[in-house]
Amino acid sequence: MTTPAAPVSAAPPEGVSAWVTIDLAAIADNVRELDRRSPGAEVMAVVKANGYGHGLVPSARAAVAGGATWLAVAQFNEALDLRAAGVTTPLLTWLYAPGVDFGAAIDADIDISVSAPWALDAVVAAARARGRAARIHVKVDTGLGRNGALGQGWTDLIAALGPVVAEGAVEVIGVWSHFARADAPQDPTVLGQRDRFVEAAEELERAGIRPQLRHLANSAATLTNPNAHFDLVRPGLAVYGLSPVPDLGSPQDFGLREAMRVTARLALVKEASTGQGVSYGHIYTTPEDTVLGLVPIGYADGIPRHAGNVGPVKVGDRRLTVAGRVCMDQFVLDLGAGYAGGAGDEVVILGRGVDDEPTAQDWATAIDTINYEIVTRMSDRLPRVFIGGDV
Ligand SMILES: *Cc1c(COP(=O)(O)O)cnc(C)c1O
């Protein structure tokens with residue numbers, strides 16, 4: 001188990017009314033915990049999508065401090081940004097379209113995922129032009145029906161690999177795949193995909209290609225399915241202290257803790273009479289004489305518009321719900337008659353479950369989405385304040 005974090009808040013930049021605090025010690029501790037739960041496997045921390053909204057480079061550094069020996073991002077530009085920031089950890093990237101500059105990835109020591117012959121051809125051309133082998137991970141579609149070589153496509157990809165491996169244009173570092181339903185560990189597709197993965201890796205081996213790394217497990221499989229750990233686990237969400245399987249366990253149940261905290265200061269506090277319509281469309285009306293508080297954060301910052309009348313927040317020691325529509329830059333709270341505070345009071349929008357603060361999971365439940373979407377949507381307009389580590 002990780003120990004609970006002491007610091008949960010930090011001073012925002014001067015004059016800022018809404019901000020995101022990222023606890024880098026939580027990220028490092030979460031990686032330590034994931035490493036402990038996957039003995040014999042290395043940890044590749046997934047820091048795509050700006051570190052799931054937590055900041056690309058700081059999240060990557062914190063994950064490495066916690067023991068990640070690999071990093072991964074979906075997009076080439078994110079990989080190049082990590083290298084430009086001086087992050088030298090082995091790094092995998094997988095999502096691109098024809099025209100992408102594979103040469104830049106080879107120059108920057110970035111491992112490239114290959115799912116199709118056209119991509120292999122382009123990687124090989126870039127490697128030949130540099131006189132240097134490209135490092136690749138070949139991806140098999142074991143049933144997700146998304147990226148990866150499927151069925152006969154896998155056999156064809158292996159056939160295409162033979163000569164370019166022999167030539168030394170590519171070095172096959174890994175073979176990998178991704179689950180469709182890792183969040184339902186008992187689902188028959190999970191076992192089926194694992195079996196297909198083993199079979200696909202054996203087919204590669206029969207062709208004389210033996211990559212050092214086989215990897216399949218995302219956060220859910222890392223936490224619930226040791227049988228899928230292989231040589232390396234590839235968690236994203238859990239690195240940031242969120243549960244990929246909220247029905248099976250909370251972050252605390254898995255020894256993880258939330259790294260993101262979203263806070264704002266009330267911009268205005270005012271009395272209103274019974275029957276006052278609140279915010280666009282008046283979907284909320286004050287049931288009695290009360291005090292309204294204006295929270296200066298809205299859907300352009302990442303607060304879902306669907307959270308009107310349902311989004312949870314905490315003010316002082318009370319849980320409250322968004323009153324009326326979420327607007328582009330702001331929303332309103334019904335603070336109740338006799339509210340003793342005033343403008344400047346802190347509103348916790350996302351926090352840690354342990355203190356009865358609303359979590360990303362609470363927001364996800366309120367608007368019928370997943371916690372992934374809540375943290376990744378927090379926009380760059382909100383300044384990030386980093387605590388608990390080196391940025
Ligand atoms: C995003 C992603 C991961 C990490 O998934 P989590 O559920 O966040 O752990 C792993 N592998 C691939 C291919 C991904 O796209």
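Read the numbers this way: they start at 1 and go in the same order the structure lists the ligands and their atoms.
Under the ring pair (Phe, Tyr, Trp, His ring centres under 6.0 Å) criterion, His137 pairs with Trp70, His215, not counting sequence neighbours.
Residue, atom and distance of the protein heavy atom nearest to atom 12 (C) of ligand 1 are His178 CE1, 3.4 Å. Ranking the protein heavy atoms by distance from atom 8 (O) of ligand 1 puts Tyr52 OH, 2.5 Å first. Here the protein heavy atom with the shortest distance to atom 9 (O) of ligand 1 is Ser219 OG, 2.5 Å.
Within the hydrophobic cluster formed by Ile, Leu, Val, Met, Phe, Trp and Tyr side chains joined at under 4.5 Å, directly or through other members, Leu268 is accompanied by Val278, Tyr284, Leu292, Leu294, Val332.
The atoms of ligand 1 that sit less than 4.0 Å from any heavy atom of Leu237 are 6 (P), 8 (O), 9 (O).
Heavy atoms of Trp176 found under 4.0 angstrom from ligand 1 belong exclusively to the side chain.
The shortest separation from a heavy atom of Pro235 to ligand 1 is under 4.0 Å, placing the residue in contact.
Salt bridge annotation for Arg381-Asp329: present, with a cationic side-chain nitrogen under 4.0 angstrom from a carboxylate oxygen.
Here Leu56 contributes atom CG and Asn50 contributes atom CG; the two are 6.0 Å apart, rounded to the nearest 0.5 Å.
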Going through the checks in order, is the salt bridge (Lys or Arg N to Asp or Glu O under 4.0 Å) test met by Arg146 and Asp141? CA-CA 7 Å; Arg146 202 176 70 177; Asp141 185 343; over 6 Å; no
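For atom 15 (O) of ligand 1, the candidate residues are Lys139, His215, Lys48; the nearest heavy-atom contact is made by Lys48.
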